[in-house]
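First comes the structure, then the notes that go with it.
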Amino acid sequence: MHIQESGEMYLETILVLSKELDHLRAIDICEYMGYSKPSVSRGLGILKDGGYVLSDENGFLTLSDKGRELAEKIYDRHVVLSAFLESLGVDPETASQDACKMEHVISDDSFDAIKKAMSEK
């Protein structure tokens, strides 16, 4: 199953919020992303069906191993691309916004080249 960009955004959000919150619920994602509850419920349903997100009897959300692996890949891309753009003189807010768009479409080869160049600085 190929995850769409919106699914990747949800996974990245769950990863980020799970570092801040002991118990993550759909409403936390709604508030963080500014999305409606029906939109988040629909998105989470797709991710649950795909085996990327788990929910317990209390509605608390966690990433499956597969979900965590993909979320960490996307988050790593965001961090590296943001830092790369900032190193070129882009202001941090714009760099973060642009990285958010780029992280979903950049090829592994291009990303690996940027990451390598950044690690050599």
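Annotation: salt bridge (Lys or Arg N to Asp or Glu O under 4.0 Å) contacts involving residues 84-109, sequence neighbours excluded, comprise K73-D108, R77-D108, D98-K101.
Counting heavy-atom neighbours within 6.0 Å of E69 CD, excluding the residue itself, gives a total of 12 or less. Within a 6.0 Å radius of CZ in F60, more than 12 heavy atoms belonging to other residues, nucleotides or ligands are found.
For the side chain to side chain contact (heavy atoms under 4.5 Å, CB included) test, residues two or more places apart in sequence or in another chain that qualify with S55 are K48, L61.
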Please table the atom pairs, donor to acceptor, closer than 3.5 Å between any side-chain atom in residues 12-24 and protein atoms at least two apart or in another chain.
unit_1	atom_1	unit_2	atom_2	d
T13	OG1	M9	O	2.9
S18	OG	I14	O	3.0
S18	OG	L15	O	2.8

Contacts table for residues 29-39: side-chain donor-acceptor under 3.5 angstrom, sequence neighbours left out:
unit_1	atom_1	unit_2	atom_2	d
S36	OG	S39	N	3.3
S36	OG	S39	OG	3.0

Practice problem: Check the pair R68, T62 against side-chain contact (heavy atoms from CB on, under 4.5 Å), reporting the backbone distance first and the verdict last. | Solution: CA-CA 9 Å; R68 179 168 297 283; T62 55; over 6 Å; no
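In terms of hydrophobic clustering, with Ile, Leu, Val, Met, Phe, Trp and Tyr side chains grouped at heavy-atom distances under 4.5 Å, L11 and V79 are assigned to a common cluster.
L85 forms part of a hydrophobic cluster together with V80, L81, F84, L88, V90, M102, I106, F111, I114, M118, judged by ILVMFWY side-chain heavy-atom separations under 4.5 Å. Cluster note: I27 groups with no other residue, as no ILVMFWY side-chain heavy atom lies under 4.5 Å from it.
Checked by atom type and distance alone, the side chain of H104 pairs as donor or acceptor with a backbone atom of C100 at under 3.5 Å.
Here the closest heavy-atom approach between residue L47 and residue G7 is recorded as CD1-O, 3.9 Å. Across S82 and S96, no two heavy atoms sit closer than the pair OG-CA, 3.5 Å.
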